Amino acid sequence: MAQAETHYTLPLPEFDRPAKLLIVVAPYYKDIADQLVAGAKAEIEKAGGSHEVIEVPGALEVPTAIRIAYRQSNFDGFVALGCVIRGETTHYETVCNDSSRALQLLGLDGACIGNGILTVENREQAVVRAEAAGQNKGGGAAAAALHLIALTRRFGNGNKSIGFKPLRDEIQLAGDAEGPASA
Ligand SMILES: Nc1c(NC[C@H](O)[C@H](O)[C@H](O)CO)[nH]c(=O)[nH]c1=O
Ligand SMILES: CC(=O)[C@@H](O)COP(=O)(O)O
């Protein structure tokens, strides 16, 4: 029987202008993913934010989709959602470790990402964690992204990238260099 989860949850940050988030979900297990998305949407709406949802085949594609959107769009943050259930081979470790590591590296480069990709042994563990009325890991991931967005706005976008600069910044910088575009 799954243990009830008890840990401290930070109160949601307040925003002077709405945050816009992209939810990137791998519906490998559709019913589980739907619960995660519902929880994430509700949390974003609680903070007065807006959201869009895109789907990718599996958890391994989630970081790449976020990087593509991060470079070519103007979302304030991202919510990574999915479910990885151990099978018979070591592929479970690859999917879990590589997706989470890639998300962490994107975060260290300035993307505001909450990671709600479940890594579990069986469906029962996944259901308990995905249910919006249960452990609501999708909502938790959305809350994490919201906190990072608030932090970015509080300290400014440091532009101290350790890796690539978001394409949108390069385009903007290039535009600035040419002077204001004629209306
Ligand atoms: N086994 C699970 C996967 N595997 C698929 C990979 O994520 C990836 O789409 C594939 O290797 C092609 O690159 N994905 C999940 O999200 N959950 C799983 O349990
Ligand atoms: C997590 C996985 O990739 C897993 O679902 C694949 O199953 P298997 O290890 O039995 O091939």
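As the structure lists them, so they are numbered: ligands from 1, and atoms in each ligand from 1. Treat the numbers as computed from the prediction; the structure is a model and nothing was measured.
Atom 4 (C) of ligand 2 has its nearest heavy-atom neighbour, among V95, I85, V120, T90, in I85. The heavy atom nearest to atom 6 (C) of ligand 1, considering only V120, D98, L60, is found in L60. Ranked by closest heavy atom to atom 17 (N) of ligand 1, the top entry among C83, G58, A126 is C83. For atom 14 (N) of ligand 1, the nearest non-hydrogen atom from the set Y28, Y92, Y29 comes from Y28.
Contact between H91 and ligand 1 is present, with at least one heavy atom of the residue lying under 4.0 Å from the ligand. Within the structure, ligand 1 lacks G82 among the residues with a heavy atom less than 4.0 angstrom away.
Taking each heavy atom of L81 and G138 in turn, the nearest pair found is CD2-CA, 3.9 Å. Heavy atoms only, all atoms of each residue included: S99 and A59 are closest at CB-O, 3.4 Å. Residue P13 comes nearest to L146 through the heavy atom pair CG-O, 3.7 Å, listed as atom of the first residue, atom of the second, then distance.
Of all the atoms in ligand 2, the ones that sit under 4.0 Å from a non-hydrogen atom of T89 are 8 (P), 9 (O), 10 (O), 11 (O). In summary, the atoms of ligand 1 found under 4.0 Å from a heavy atom of I85, numbered by their order in the structure, are 19 (O). Within the listing of ligand 2, atoms 1 (C) sit less than 4.0 angstrom from a heavy atom of V84. Heavy-atom contacts of H91 reach the following atoms of ligand 2: 2 (C), 3 (O) (cutoff under 4.0 Å). Atoms of ligand 2 lying under 4.0 Å from at least one heavy atom of G87, given by number and element, are 7 (O), 8 (P), 9 (O), 10 (O).
Inclusion of E88 in the set of residues having an N or O under 3.5 Å from an N or O of ligand 2 is warranted. For the pair P57 and ligand 1, the shortest N or O to N or O distance does not fall below 3.5 Å. Checked by distance only, ligand 1 and A59 come closer than 3.5 Å through their nitrogen or oxygen atoms.
Residues R153 and D76 are paired through a salt bridge, judged by an N-O separation under 4.0 Å between the basic side chain and the carboxylate. Salt-bridge check for R71 with D109: failed, with every basic side-chain N at 4.0 Å or more from each acidic carboxylate O.
With a 6.0 Å radius and a threshold of 12 heavy atoms from other residues, nucleotides or ligands, Q104 has its CD atom at or below the threshold. More than 12 non-hydrogen atoms from other residues, nucleotides or ligands lie less than 6.0 angstrom from CD of E121.
Remark: side-chain polar atoms of Q35 are paired, donor with acceptor, to backbone N or O of A132 under 3.5 angstrom. E43 places no side-chain N or O within 3.5 Å of a backbone atom of A40 that could act as its donor or acceptor partner.
The closest protein non-hydrogen atom to atom 10 (C) of ligand 1 is E61 OE2, 4.1 Å.
Atom OH of Y70 sits about 7.5 Å away from atom CZ of F78, to the nearest 0.5 Å.
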